[in-house]
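Report on the following structure.
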Protein chains: 2
Amino acid sequence: MSQIPPVMARMWGREPAPRRGPRPRLDLETITAAAIAIADAEGLAGVSMSSVAVRVGVAPMTLYRYVGSKEELLIVMSDGALPAPPARGDLTWRAYLAAWTRANREFLLGRPWLLSLPYLTPPMGPRRLSWLECVLDALAGTPLDTGEKFNVATTLSGYALTSATTIAGMQEPDPGDTVVHPSDYGAMLAEVVEPHAYPALSAAVRSGLPGEADDWTEDGDFRFGLDLLLDGVAALIARRVSQAGGGR
Amino acid sequence: MSQIPPVMARMWGREPAPRRGPRPRLDLETITAAAIAIADAEGLAGVSMSSVAVRVGVAPMTLYRYVGSKEELLIVMSDGALPAPPARGDLTWRAYLAAWTRANREFLLGRPWLLSLPYLTPPMGPRRLSWLECVLDALAGTPLDTGEKFNVATTLSGYALTSATTIAGMQEPDPGDTVVHPSDYGAMLAEVVEPHAYPALSAAVRSGLPGEADDWTEDGDFRFGLDLLLDGVAALIARRVSQAGGGR
DNA sequence: ACCTGAACACCGTTCAAGT
DNA sequence: ACCTGAACACCGTTCAAGT
């Protein structure tokens with residue numbers, strides 16, 4: 001058994017090797033915390049094996065005892081940077097999932113470098129999976145099957161991701177990022193989009209539109225999409241309930 | 001005016017500088033196509049300024065005449081790699097948006113390196129905006145306002161992205177990627193997730209679950225989430241219609 | 001005006017050597 | 001057993017020089 005990849009074993013504290021001799025002076029958590037601190041301060045561009053090593057006071061190559069590669073370090077960071085999911089309290093599934101999605105979006109906005117992590121793997125770390133756990137738990141009282149619950153979780157976190165990306169893309173640059181920061185997205189589009197090639201878009205853009213950063217950051221747009229999704233979930237639950245009722 | 005960022009000007013063929021003297025031997029499209037071809041063949045890791053330069057037969061520094069930085073090149077690639085959106089035909093808005101979302105997901109799966117592009121900017125390139133145009137056009141006959149139409153587009157492309165990421169994460173590795181490829185995601189989770197810390201998740205995982213790659217790749221799960229979203233849009237439209245009817 | 005060669009300041013990673 | 005110094009094969013980017 002135990003065919004789980006090495007990063008995963010390490011994230012879950014399953015040290016692969018037995019140990020004799022001197023205790024390690026370092027551990028993965030310390031390294032991860034240092035890398036996260038750098039990313040918070042300087043963006044992902046500031047995170048290099050050597051900058052992390054300097055911060056924990058060690059030679060760069062020492063890190064390779066704890067992490068197979070930089071790519072693995074990034075994966076570990078992407079889990080370590082997550083906060084705990086919101087507490088369930090006595091919210092309905094719907095109120096809870098709304099809070100959950102909002103909290104998900106919030107931590108992405110608080111650490112925009114999470115949005116620029118080069119590869120998105122399926123949820124594998126303890127933190128990320130605790131967020132998944134919460135969705136399953138919130139839906140435990142509903143007639144949805146396991147696959148459906150997973151789908152709800154995927155869809156909601158996807159929505160949080162998209163929403164965060166949209167906002168982060170128009171906000172202040174990361175420290176270290178310089179390429180594109182449309183302070184006025186709508187005006188930018190208006191300048192470039194030609195009416196005969198993009199009729200609907202250019203009409204929308206010219207009639208003033210949701211291009212102002214303020215509008216997008218407003219909560220209304222976020223709630224709009226979220227309600228759309230939750231309405232869908234509610235409708236599905238209602239369907240399942242009536243099916244179950246009719247079947248017995 | 002013209003406060004659009006340089007990458008954007010270049011993507012739209014607005015050459016910033018006047019030109020006297022020798023004609024350039026290269027253009028941005030050629031460079032972009034070469035970079036995309038490398039990414040298709042070797043993954044994003046294979047794309048370096050020098051590998052692209054070699055492919056177009058030029059010194060690496062020549063590229064900086066056409067592109068401000070590697071980051072800009074990646075942005076240009078992310079637009080250039082998109083196919084044309086599906087034709088509207090005489091589909092209903094709903095059928096069209098379903099096809100649109102599916103096509104969106106499909107090109108992401110066909111070029112998984114798009115999923116690992118380091119930073120997601122708001123839609124700015126001609127191709128990406130033509131996808132947006134199509135959503136606005138499909139919803140033109142509905143009473144949704146501009147902001148709502150944008151939101152629908154954002155939500156649907158977010159869903160395509162999430163769905164593609166989930167599938168790509170469990171499929172064959174990119175050429176060049178080696179870190180994590182859970183051939184059996186469910187079994188992996190089962191091995192690591194403890195019942196008392198993750199009760200709902202470990203129950204789900206142990207009762208056999210949507211962890212098999214086949215299940216996820218199945219169309220059913222994708223359609224599930226998509227219908228959920230489109231049901232929400234339909235409900236909103238119905239609400240707006242009845243409001244408009246009552247208001248006059 | 002366009003292109004380039006040499007050079008700069010970095011990368012991530014290996015490996016054999018130290019303790 | 002853990003840590004490291006030296007070394008390798010790269011990066012992206014600058015700048016002054018060629019034509």
Side-chain angles (χ1 to χ4, degrees), chain A residues 6-7 10 15-32 34-35 38-39 42-77 116-119 174 176-179, chain B residues 6-7 10 15-32 34-35 38-39 42-77 116-119 174 176-179:
Chain A
V7 217
R10 273 190 272 249
E15 292 302 317
R19 35 180 70 188
R20 257 178 298 170
R23 284 312 223 56
R25 300 205 308 250
L26 226 49
D27 54 43
L28 186 55
E29 270 183 40
T30 307
I31 293 170
T32 308
I38 295 172
E42 307 169 37
L44 220 45
V47 178
S48 70
M49 294 305 271
S50 81
S51 70
V52 174
V54 164
R55 194 170 236 269
V56 299
V58 105
M61 326 78 202
T62 306
L63 302 181
Y64 288 93
R65 289 248 133 229
Y66 300 89
V67 126
S69 65
K70 188 186 179 183
E71 204 176 346
E72 285 194 12
L73 177 59
L74 294 174
I75 291 176
V76 176
M77 287 171 69
S116 29
L117 280 176
Y119 209 77
D174 277 337
D177 187 8
T178 55
V179 181
Chain B
V7 217
R10 272 190 273 247
E15 291 302 316
R19 35 180 71 187
R20 259 177 296 171
R23 282 316 222 55
R25 301 204 308 248
L26 226 48
D27 54 44
L28 187 54
E29 270 182 41
T30 307
I31 293 170
T32 307
I38 294 172
E42 307 170 37
L44 220 44
V47 178
S48 70
M49 294 305 272
S50 81
S51 71
V52 174
V54 165
R55 193 171 238 268
V56 299
V58 104
M61 326 79 201
T62 306
L63 302 181
Y64 288 92
R65 291 247 132 228
Y66 300 89
V67 127
S69 65
K70 188 186 178 184
E71 204 177 344
E72 285 194 12
L73 176 59
L74 293 175
I75 291 175
V76 177
M77 285 171 71
S116 29
L117 279 175
Y119 209 78
D174 278 337
D177 186 8
T178 54
V179 182

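Each chain gets a letter, A, B and so on, in the order its sequence line appears, and its residues count up from 1.
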A:Val56 vs A:Leu26 side-chain heavy atoms within contact, under 4.5 Å: yes
Point-to-point distance, once rounded to the nearest 0.5 Å, from CG of B:Leu73 to CG of B:Leu28: 8.0 Å
Nearest-angstrom distance from the residue atom OH of A:Tyr66 to C1' of D:dT4: 13 Å
d(NZ, A:Lys70; C1', D:dC11) in whole Å: 11 Å
Sugar-phosphate, base or nothing in reach of B:Ser48, heavy atoms under 4.0 Å: sugar-phosphate
Nearest-angstrom distance from the residue atom CD of B:Glu72 to P of D:dT13: 9 Å
Atom-pair distance (CD on A:Glu71; C1' on C:dC11), nearest Å: 15 Å
A:Gly46 backbone acceptor or donor facing A:Ser51 side chain under 3.5 Å: yes
For D:dT14, the Watson-Crick or wobble partner whose two distances fall under 3.5 Å: C:dA6
Whole-Å gap separating C1' (D:dT4) and CG (A:Leu26): 14 Å
Taking every non-hydrogen atom, the tightest pair across B:Pro6 and B:Glu72: CB-OE2, 4.4 Å
A:Leu63 CG to D:dG5 P, straight-line distance once rounded to whole Å: 14 Å
Touch class at under 4.0 angstrom, heavy-atom based, for A:Met61 against every strand present: base
Whole-Å distance separating the CZ atom of B:Arg65 from the P atom of D:dT19: 17 Å
Complementary nucleotide of D:dT19, counting Watson-Crick and G-U pairs under 3.5 Å: C:dA1
A:Met49 CE to C:dC10 P, straight-line distance once rounded to whole Å: 18 Å
Among D:dT14, C:dC11, C:dT4, the one nearest A:Ser50 by side-chain distance: C:dC11
Closest listed nucleotide, where the reference is the side chain of B:Ala59 and the choices are D:dT14, C:dT4, C:dG12: C:dT4
Intermediate values then yes/no, side chain to side chain contact (heavy atoms under 4.5 Å, CB included), A:Ile38 and A:Arg55: CA-CA 9 Å; A:Ile38 295 172; A:Arg55 194 170 236 269; 3.6 Å; yes
Residue whose closest nucleotide on DNA chain C lies nearer the 5' end, B:Gly57 versus A:Pro60: B:Gly57
